[in-house]
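Every chain is numbered from 1 and lettered A, B, ... according to where its sequence line falls, protein lines coming before strand lines. This is a predicted model, so every value here is computed, not measured.
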Amino acid sequence: MGSRDEILRSIRRTRPGPDDGPPLPPLAGSWTSPPDRLLQFERQLRAVGGELVAVAPDGLEAAVRATVEAVAARVVWSAHVRTGRRDVDLTRAPHDAATVDFALVDGAFGVAENGAVWVTERGLPHRAVLFLAQHLGVVVSSGRLVDHMHAAYAEPEVAAVERGGFGVFISGPSKTADIEQALVLGAHGPRTLTVYLVGE
Amino acid sequence: MTHAERATRFQRDPARAAWHDRSLWFLREKRDRASAEVPEWEELRARAARIKGHVLAHLDDHLERFESNAVRHGAVVHWAKDAGELRDIVTGVLREAGARRVVKSKSMLTEECGLNPHLVARGVEVTDTDLGERIQQLRGERPSHIVMPAIHLRKEEIGALFEAHLGTAPGECDPTVLAHAARADLRRRFLEADAGITGVNFGVAETGGFVVCTNEGNADLGTALPPLHIACMGIEKLVPRAADLAVFLRLLARSATGQPITSYTSHFHGPRRGGKLHIVLVDDGRSALLGDDAFRRSLSCIRCGACMNTCPVFRRSGGHSYDATVPGPIGSILETARDPDRHASLPFACTACGSCTDVCPVGIDLHPQLLEMRRALVRAGRTPWTKRLAMRAAGRVLASPAATALLTRVVRALPAGWRTRWWGAGRAFPELPVASFRDEWKERHRGEP
């Protein structure tokens with residue numbers, strides 16, 4: 001209690017008068033939209049080291065199985081798509097996800113300006129699978145692409161997380177450039193990220 | 001030791017200094033390319049400056065709202081007035097949870113407060129999980145850059161370090177192989193950790209949530225696995241509304257490394273299922289700086305590092321020359337304000353070129369503040385007596401046309417070697433013109449009234 005009051009009192013003493021500061025800018029703005037949202041999303045996703053696979057709804061399962069084969073995944077976990085492998089049980093401890101070679105999760109929407117997808121805990125046993133899986137796949141509907149981050153924060157799945165819980169913008173696989181600025185894909189988290197963009 | 005003395009040491013290996021210069025400039029170029037792709041870049045900067053200005057003008061309100069909303073989500077919120085209290089609070093939370101093994105993602109604030117050595121001395125094992133910070137931790141060295149902590153190291157040196165600590169093959173220096181060796185070691189530590197400590201990139205007053213940005217996913221691994229998450233946040237790191245995050249997230253990674261966004265931008269609202277979340281709000285001199293009209297705007301800093309990447313002095317002297325947690329232009333204001341005795345030389349490690357001000361995503365007037373910081377140091381008598389004496393003498397001489405004329409003649413008459421030795425060391429001293437300006441002027445206007 002003591003420090004809280006002290007800090008707040010200190011701030012009230014030192015801050016510029018509330019009338020001196022600038023007014024808060026409006027949220028609205030004339031933000032640039034890409035001429036082709038899908039193309040921009042794909043371009044940005046590839047630029048950050050991710051893969052994009054565009055499929056029709058009935059082509060999703062085959063595409064996912066292809067990824068599972070390509071990364072030679074033995075242990076998989078999938079939100080709802082059949083991968084051809086038996087799902088590992090992740091309901092006990094988040095640590096169990098360490099054995100997962102490939103995880104397939106649902107993304108709410110994608111952001112064209114940076115190739116990011118918004119992923120929440122909805123439908124996941126634990127958020128840990130997003131980061132522990134060696135390879136990550138995210139399913140996004142092609143009708144759920146927004147232009148930029150301002151549009152992203154207006155999406156309902158972001159508001160839902162703001163009411164309580166966890167959400168993350170995932171843009172490409174985990175990476176680092178801490179060693180002589182050489183880009184290494186697959187730092188501590190997933191080595192690859194594949195976005196399956198499902199047509200409507 | 002002053003910055004100049006450390007910088008001289010850094011320059012003793014000119015090839016390495018040039019390599020460091022190029023490495024940092026490479027980051028600047030990446031930032032330029034990324035920002036050029038956003039037509040409304042300047043509008044974003046202006047908005048960011050106004051949003052942060054508003055936050056600072058209403059900081060108490062925003063903090064109270066943040067706290068109340070965070071508590072509603074189930075977080076425990078602590079207030080630390082200084083570094084010592086931050087250390088005590090974190091130690092207490094860990095002790096109460098019986099946590100002995102901690103993983104920590106990047107937090108300059110915890111560096112500033114000396115958290116790691118404090119915990120280690122009390123029997124807590126702390127692993128820095130950002131790869132650059134892990135490298136520095138193994139070296140027993142502080143980071144040299146707030147975003148790229150090991151940017152001063154060559155891959156051969158990192159290879160040798162990993163050979164000693166992680167068992168990589170002798171002579172192995174391929175960055176991918178080294179990074180994967182660190183990956184294996186760190187994943188084990190994430191799985192065995194009792195607690196995860198993170199910083200906070202942005203706290204949101206409206207929601208009581210906060211955002212942590214990483215490329216490796218280390219903040220997420222460190223908080224999704226252990227049952228305890230301690231988030232340390234400087235009181236200035238707030239934004240008022242969740243939608244304001246869009247402005248800052250569009251600016252941050254582009255300014256820092258030229259990426260459109262980091263790989264992971266994680267939003268936390270309350271603890272994870274089956275876990276606990278503690279948030280520590282830290283003052284440590286920030287509310288004092290808030291009261292200084294000259295330097296308040298430095299509190300807008302979002303720790304992107306763009307000013308360091310562009311600063312010619314930083315590029316050619318390296319982060320360790322600043323002997324501060326946050327080096328470079330912004331550090332030379334923030335750190336000097338906090339500890340003017342220790343860091344009195346930093347604002348003078350500046351050419352006032354203004355490049356830092358040009359690139360700052362939140363519009364901090366860095367180089368005017370650095371000049372103002374110099375004035376403050378001089379007024380407070382915190383410059384070396386040699387400099388004070390020299391400035392006073394120079395002032396007297398230059399105020400007198402006769403004395404200046406005499407001095408000019410003397411300096412021109414000196415052998416060239418004398419001029420370059422003291423003031424011209426390391427510089428290409430220009431050839432002096434045949435006649436001094438004064439003599440030329442007299443010659444040209446001879447006979448005029």
Sub-6.0 Å ring centroid separation between B:His267 and A:Trp118 | yes

Aromatic ring proximity, centroids under 6.0 angstrom, A:Phe131 and B:Tyr264 = yes

Which atoms of B:Leu191 approach chain A - backbone, side chain, both or neither, heavy atom under 4.5 Å | both

Contact leader toward chain A among B:Glu85, B:Arg134, B:Arg154, B:His152, where contacts are heavy-atom pairs under 4.5 Å | B:Arg154

Residue part contacting chain A, namely of B:Glu157, when any heavy atom lies under 4.5 Å = neither

Applying a strict 4.5 Å limit to non-hydrogen atoms, the region of B:Asp244 in contact with chain A is both

Quick one: do A:His80 and A:Asp106 satisfy side-chain contact (heavy atoms from CB on, under 4.5 Å)? Show the steps, please.
-> CA-CA 9 Å; A:His80 54 72; A:Asp106 285 318; 2.9 Å; yes

Just give me the residue among B:Gly217, B:Ala150, B:Pro175 that pairs up with chain A most often, heavy atom to heavy atom, under 4.5 Å.
-> B:Pro175

Worked verdict on B:Val211 versus B:Leu245 for side-chain contact (heavy atoms from CB on, under 4.5 Å) | CA-CA 9 Å; B:Val211 175; B:Leu245 290 169; 3.7 Å; yes

Counting N and O atoms only, with roles assigned by atom type, does the side chain of A:Arg85 sit under 3.5 Å from a partner on the main chain of A:Ala73, one being a donor and the other an acceptor?
-> yes

Relative to chain A, which of B:Asp60, B:Asn215, B:Val38 shows the most heavy atom pairs under 4.5 Å?
-> B:Asp60

Per-residue contact mode, A:Arg163 against chain B (heavy atom under 4.5 angstrom) = backbone

What do the steps show when you test A:Met149 against B:Val247 for side-chain contact (heavy atoms from CB on, under 4.5 Å), and what is the final call?
-> CA-CA 8 Å; A:Met149 294 301 284; B:Val247 171; over 6 Å; no

Side chain, backbone, both or neither: which part of B:Thr262 has a non-hydrogen atom closer than 4.5 Å to chain A?
-> backbone

Could you go through the side-chain contact (heavy atoms from CB on, under 4.5 Å) check for A:Val53 and A:Thr194 one step at a time?
-> CA-CA 7 Å; A:Val53 179; A:Thr194 307; 3.8 Å; yes

Which portion of B:Leu63 sits near chain A, non-hydrogen atoms under 4.5 angstrom = side chain

Check whether B:Leu186 gets within reach of chain A through its side chain, its backbone, both or neither, counting any heavy atom under 4.5 Å.
-> side chain

Heavy-atom distances under 4.5 Å only: say whether A:Tyr153 touches chain B with side chain, backbone, both or neither.
-> side chain

Any donor-acceptor N/O pair, A:Asp101 side chain to A:Ala72 backbone, under 3.5 Å = no

Winner by heavy-atom pair count (cut-off under 4.5 Å) against chain B, out of A:Glu121, A:His95, A:His126, A:Arg9 | A:His95

Go through the atoms of A:Ala98 and report whether side chain, backbone, both or neither lie under 4.5 Å from a heavy atom of chain B.
-> both

Heavy-atom distance under 4.5 Å between the side chains of B:Ile151 and B:Leu27, does that happen here?
-> yes

Hey, does the side chain of A:Gln44 reach the backbone of A:Ala112 with a donor-acceptor pair shorter than 3.5 angstrom?
-> no

Contacting moiety of A:Leu185, where chain B heavy atoms sit under 4.5 Å | backbone

Please determine, among B:Pro149, B:Ala224, B:Ala253, the option with the most heavy-atom pairs under 4.5 Å with chain A.
-> B:Ala224

Based on non-hydrogen pairs under 4.5 Å, which of A:Gly29, A:Ala177, A:Pro94 is most in contact with chain B?
-> A:Pro94

For chain A, the option from B:Glu216, B:Lys81, B:Glu133 that forms the most heavy-atom pairs under 4.5 Å = B:Glu216

Atom group of B:Arg47 that falls short of 4.5 Å from chain A, counting heavy atoms = both

Examine whether an atom of B:Glu206 lies under 4.5 Å from a heavy atom of chain A, and if so say whether it belongs to the side chain, the backbone or both; otherwise answer neither.
-> neither

Contact class of B:Val204 relative to chain A, heavy atoms under 4.5 angstrom = neither

From the list A:Leu145, A:Val168, A:Ile170, side chain to side chain contact (heavy atoms under 4.5 Å, CB included) with A:Val117 holds only for A:Ile170

Close side-chain approach of A:Asp178 to B:Met148, heavy-atom, < 4.5 Å = yes

Using non-hydrogen atoms only, which part of B:Arg272 is less than 4.5 Å away from chain A: side chain, backbone, both, or neither?
-> both

Structural part of A:Pro173 lying under 4.5 Å from a heavy atom of chain B = backbone

Under a 4.5 Å heavy-atom cut-off, does chain A meet the side chain of B:Arg254, its backbone, both or neither?
-> side chain

Using modelled atom types only, decide if a donor and an acceptor are shared between the side chain of A:His148 and the backbone of A:Ala151 within a distance under 3.5 Å.
-> yes

Residue, of A:Ala159, A:Gly49, A:Ala182, A:Ser10, that accumulates the most heavy atom pairs under 4.5 Å with chain B = A:Ser10

Examine whether an atom of B:Ile158 lies under 4.5 Å from a heavy atom of chain A, and if so say whether it belongs to the side chain, the backbone or both; otherwise answer neither.
-> side chain

Name the region of B:Ile235, side chain, backbone, both or neither, that has any atom closer than 4.5 Å to a heavy atom of chain A.
-> side chain

Examine whether an atom of B:Gln259 lies under 4.5 Å from a heavy atom of chain A, and if so say whether it belongs to the side chain, the backbone or both; otherwise answer neither.
-> side chain

In terms of heavy-atom pairs under 4.5 Å with chain A, which of B:Arg72, B:Glu43, B:Arg273, B:His145 leads?
-> B:Arg273

Portion of A:Val161 that has a non-hydrogen atom of chain B nearer than 4.5 angstrom = both

Within-4.5 Å side-chain heavy-atom neighbours: B:Leu161 and B:Leu153 | no

Between B:His229 and B:Phe210, ring centroids under 6.0 Å | yes

Once you round to the nearest 0.5 Å, how far does CG of B:Asp61 lie from NE2 of B:His54?
-> 9.0 Å

Does A:Thr83 reach the main-chain N or O of A:Arg65 with its side chain, forming a donor-acceptor pair under 3.5 Å?
-> no

